[in-house]
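Below is one structure, written out as structure tokens, with a few remarks after it.
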Amino acid sequence: MPSPADPIAFHLGPLEVRWYAIFILTGIMLGVWVASRVAGWRGDDPNFIADVAHIVILAAVLGARLYFVILEWSYFSDHPGKIIGLQLHGLTIHGALAGGILAFWLICRLQGRSFLHWADTIAIGIPIGQAIGRLGNWANQEAFGRPSDVPWAVRIDPANRPAQYADASTFHPTFLYEMICSLILALGLWLILRRFSRMPGWRDGTLIALYLIGYGLIRWLIESLRTDSLRIGPWPAAYWLSAALITVGGAILFTRYRDREHADRSA
């Protein structure tokens, strides 16, 4: 798998427009569009997604940055001027999920909408946006895995290689693995929604729970190949956060379908 010749796509005067930004923005727009289409298919107002997207996206970016700063506080405590910046790195998916979902929950609560119902609607758009955004890691030559000579290995420039692997030239494209798995997850969620969401036993929250479990498992497995993981204690931070996603998703399924069993018994 070739690496990009230049992370900068083009210039607008003195402004550098990077491929990373293009892929991230494309992923966001595509994810919002898919979620709006899903809302229309479910008979809901598709404009609601577009109307709140800017708030949710801003909260996701802030969450992604805050999470990174907290984990790298030993560096930022000595360089506070770099906490807030326009650099196109230092964003984390787990932080983005926490910030974006919290903002979406608050909006639904303030507007009197069912959060779990709408969370199921956006659950398909989230992994699609993540998948496209992962191409930004390819453009920046980051988030790759251990050295590898598989046919699809990505070539990394010497300046971007981890010090312990300075002599290696090709690495596992873990960003590509996550991209493919995220697209498969999105497809699986769409098939489940179409097949089961209009059946009597369906409970709101099912799809977002399956997304949390699915992405948690995907990231847990792929993280074992990464060489640049942020850490909490002895383990990569993604292990802890992926475990949290799986736990929350499992708890949602348990509580939603436990309530169903209680309702059936009392009927």
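- One hydrophobic cluster, built from ILVMFWY side chains closer than 4.5 Å, holds both Phe196 and Leu212.
- Of all heavy-atom pairs between Ser224 and Arg146, the closest is O-NH1, 2.7 Å.
- Between Ile126 and Leu97, some side-chain heavy-atom pair lies under the 4.5 Å cut-off.
- Checked by atom type and distance alone, the side chain of Tyr211 never pairs as donor or acceptor with a backbone atom of Ile122 at under 3.5 Å.
- Side chain of Arg219 to main chain of Ala238: no donor-acceptor pair is present (N/O by atom type, distance under 3.5 Å, no hydrogens or angles).
- Leu25 and Ile57 fall into different hydrophobic clusters, where Ile, Leu, Val, Met, Phe, Trp and Tyr side chains are chained together by heavy-atom contacts under 4.5 Å.
- Ring geometry for Phe104 against Phe48 counts as tilted: the plane angle lies between 30° and 60°, on a 0 to 90° scale.
- Under a hydrophobic-cluster definition in which Ile, Leu, Val, Met, Phe, Trp and Tyr are linked whenever side-chain heavy atoms come within less than 4.5 Å, directly or via other members, Trp235 and Leu241 are assigned to the same cluster.
- Residues Val32 and Ala50 come closest through the heavy atom pair CG1-CA, 4.5 Å.
- When the options Ile156, Val154, Leu225 are evaluated for a side-chain contact (heavy atoms from CB on, under 4.5 Å) with Pro173, the one that passes is Val154.
- Residues Ile192 and Leu210 approach most closely at CD1-CD1, 3.8 Å, considering heavy atoms.
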- [ ] Could you walk me through whether Ser197 and Arg42 pass the side-chain hydrogen bond (donor to acceptor under 3.5 Å, both in side chains) test, one step at a time?
- [x] CA-CA 9 Å; Ser197 65; Arg42 302 188 78 189; 5.2 Å; no
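- The closest side-chain heavy-atom distance from His172 to Ile222 is not below 4.5 Å.
- For Thr174 against Ala143, the heavy-atom pair with the smallest separation is OG1-O, 2.5 Å.
- When atom types are taken as modelled, the side chain of Trp118 and the backbone of Cys108 share no donor-acceptor pair closer than 3.5 angstrom.
- In this structure a side-chain-to-backbone donor-acceptor pair under 3.5 Å is missing from Asp157 to Ala159.
- Residues Ala59 and Gly99 approach most closely at CB-O, 3.5 Å, considering heavy atoms.
- The two residues Trp190 and Ile124 come nearest to each other via the heavy atoms CA-CD1, 3.6 Å.
- Ring geometry for Tyr215 versus His94: interplanar angle of 30 to 60°, hence tilted.
- Looking at Asp120, its side chain never comes within 3.5 Å of a backbone N or O of Asp204 through a donor-acceptor pair.
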